[in-house]
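For reference, the structure discussed in these notes is given below.
Counting starts at 1 for both ligands and their atoms, in listed order. The shown structure was predicted, so the numbers you read here are calculated from the model rather than taken from an experiment.
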Amino acid sequence: MNKGKLLIFSAPSGSGKTTLLNHVMANIPEMAFSVSATTRPPRGEEVNGREYYFLTMEEFKQRVENGEFLEWEEVYPGRCYGTLLSVVAQMQEEGKHVAFDVDVCGGVNIKKHYGEQALSVFIQAPSVEVLRERLIKRGTDSMEEIENRVSKAEWETEFAQGKFDRTIINDDLETAKREILEVVTSFLNAPESNRPELDF
Ligand code: ADP
Ligand code: 5GP
């Protein structure tokens, strides 16, 4: 059975990962989004089961104990996020490719798990200043949350070096959209494996 391919997007918050992932999803109908679980409250127009499964810390810990996560991280202090095995399994059964929006540690772990079947992409804003500006303009987080995210961004960018298959600098949005679509399409169209055929 074709279990589909995996597309991993990681980036510091505010880099434009959601914007670019939405662009990919809109253009590749066979791609399904892995809805993560989180302990952070919904923001803006977010809906339970669409952007995230919003859980209390107790519910989240229970699922960790039950072994329900492919991976999980405390991405920000007191804010846990995790990929549910059941969500990925369901989409794979439907024959879909699966896209993940996860932090850099989650991205590296998922890539390790799936190897060649996965493409890991790191999205980067042109600078920390631009990142802060975008988060302020987005208007969905308090200044305290924004400073938490900005101060983590440098560490995340450093951590990501050499650990992802591709890095895309999201400076001009139209250019980044074009680039991401090219990268993803060529990955999806590539043969399952580059291993030579075994010749018995
Ligand atoms: P992330 O998912 O990485 O946190 P978003 O996709 O929410 O980031 O983008 C953060 C904000 O920056 C959003 O308001 C988005 O519209 C804006 N944005 C994204 N890419 C660009 C870009 N290339 N130029 C200017 N603004 C952008
Ligand atoms: P936000 O609160 O802005 O939606 O997400 C904060 C960070 O958590 C982002 O970097 C996002 O990619 C990451 N994240 C979302 N879901 C998961 C997940 O399931 N696992 C991990 N490791 N990180 C996640």
task: With heavy atoms only and a cut-off of under 4.0 Å, state how E74 meets ligand 2: side chain, backbone, both or neither.
output: neither
field: N-O pairing of E46 and R40 below 4.0 Å
entry: yes
Single-linkage hydrophobic cluster F159~F100, side-chain heavy atoms < 4.5 angstrom: no
query: How close does the nearest protein non-hydrogen atom get to atom 7 (C) of ligand 2, and which residue and atom is it?
result: V75 CG1, 3.9 Å
statement: Short version for S10: what comes under 4.0 Å of ligand 2, heavy atoms counted, is neither
- prompt: Just distances here: any N/O of R40 and N/O of ligand 2 closer than 3.5 Å?
  reply: yes
query: Are L20 and I8 grouped together when hydrophobic residues (ILVMFWY) are joined by side-chain heavy atoms under 4.5 angstrom apart?
result: yes
message: I'd like to check which ligand 2 atoms, numbered from 1 as shown, lie under 4.0 Å from a non-hydrogen atom of E73.
response: 22 (N)
Residue, atom name and distance, where the atom is the protein heavy atom closest to atom 4 (O) of ligand 2: Y52 OH, 2.5 Å
message: Between F33 and F9, is the ring centroid distance below 6.0 Å?
response: no
field: E156 to ligand 2, any heavy atom closer than 4.0 Å
entry: no
Per atom 13 (C) of ligand 2, closest listed option by heavy atom (L135, I8, T140, D103): D103
- prompt: Applying the 4.5 Å side-chain criterion to the ILVMFWY set and letting contacts propagate, would I123 and L6 be lumped into a single cluster?
  reply: yes
H97 side-chain N/O to E30 backbone N/O, donor-acceptor pair under 3.5 Å: no
field: Short N or O distance, Y76 and ligand 2, threshold 3.5 Å exclusive
entry: no
- prompt: Below 4.0 Å from any atom of ligand 2, is there a heavy atom belonging to F69?
  reply: no
field: Hphob cluster co-occupancy, V184 + V102, side-chain heavy atoms under 4.5 angstrom
entry: yes
Which residue and heavy atom of the protein sit nearest atom 19 (O) of ligand 2, plus the separation: S36 OG, 2.7 Å
message: Less than 4.0 angstrom from a charged side-chain N to a carboxylate O is my criterion; do E71 and K112 meet it?
response: no
- request: Could you verify whether a donor N or O on one side chain and an acceptor N or O on the other, from Q62 and N66, lie under 3.5 Å apart?
  value: yes
- prompt: Touching ligand 2 at all, G82? Heavy atoms, strictly under 4.0 Å?
  reply: yes
- request: Kindly confirm or rule out an N or O of Y81 lying under 3.5 angstrom from an N or O of ligand 2.
  value: yes
query: What atoms in ligand 2 come closer than 4.0 Å to a heavy atom of K17?
result: 9 (C), 10 (O), 11 (C), 12 (O)
- prompt: Is a side-chain donor or acceptor of E51 paired with a backbone partner of V47 at a separation under 3.5 angstrom?
  reply: yes
task: Return yes or no for this condition: an N or O of D101 is under 3.5 Å from an N or O of ligand 2.
output: yes
message: Using the rule that Ile, Leu, Val, Met, Phe, Trp and Tyr join whenever any side-chain heavy atoms are under 4.5 Å apart, tell me whether V108 and V75 fall into a single cluster.
response: no
message: Taking 4.0 angstrom as the limit and counting only heavy atoms of A11, give me the atoms of ligand 2 inside it, by number and element.
response: 10 (O)
field: Identity and separation of the nearest protein heavy atom to atom 3 (O) of ligand 2
entry: R149 NH1, 2.8 Å
query: Heavy-atom contacts under 4.0 Å between W72 and ligand 2: side chain, backbone, both, or neither?
result: neither
query: Can you tell which part of E71 has a heavy atom less than 4.0 Å from ligand 2: side chain, backbone, both or neither?
result: side chain
query: Going by atom types only, do E94 and Q90 share a side-chain donor-acceptor pair under 3.5 Å?
result: yes
statement: Going by the 4.0 angstrom heavy-atom rule, the piece of F100 near ligand 2 is neither
task: To the nearest 0.5 angstrom, please state how far the CG atom of D165 sits from the CG atom of L7.
output: 10.0 Å
Close approach of R43 to ligand 2, heavy atoms, under 4.0 angstrom: yes
query: Taking K5 for the side chain and F187 for the main chain, is one N or O donor matched with an acceptor at less than 3.5 Å?
result: yes
message: Please output the residues near ligand 1 using a strict heavy-atom distance under 4.0 Å, listed in chain and residue-number order.
response: P12, S13, G14, S15, G16, K17, T18, T19, R134, R138, N170, D171, L173
message: Using modelled atom types and a 3.5 Å cut-off, is there a donor and acceptor pairing between side-chain atoms of Q124 and backbone atoms of S15?
response: no
message: Can you list everything that forms a ring-ring contact (aromatic ring centres under 6.0 Å, His included) with Y52? Sequence neighbours excluded, please.
response: F54, Y81
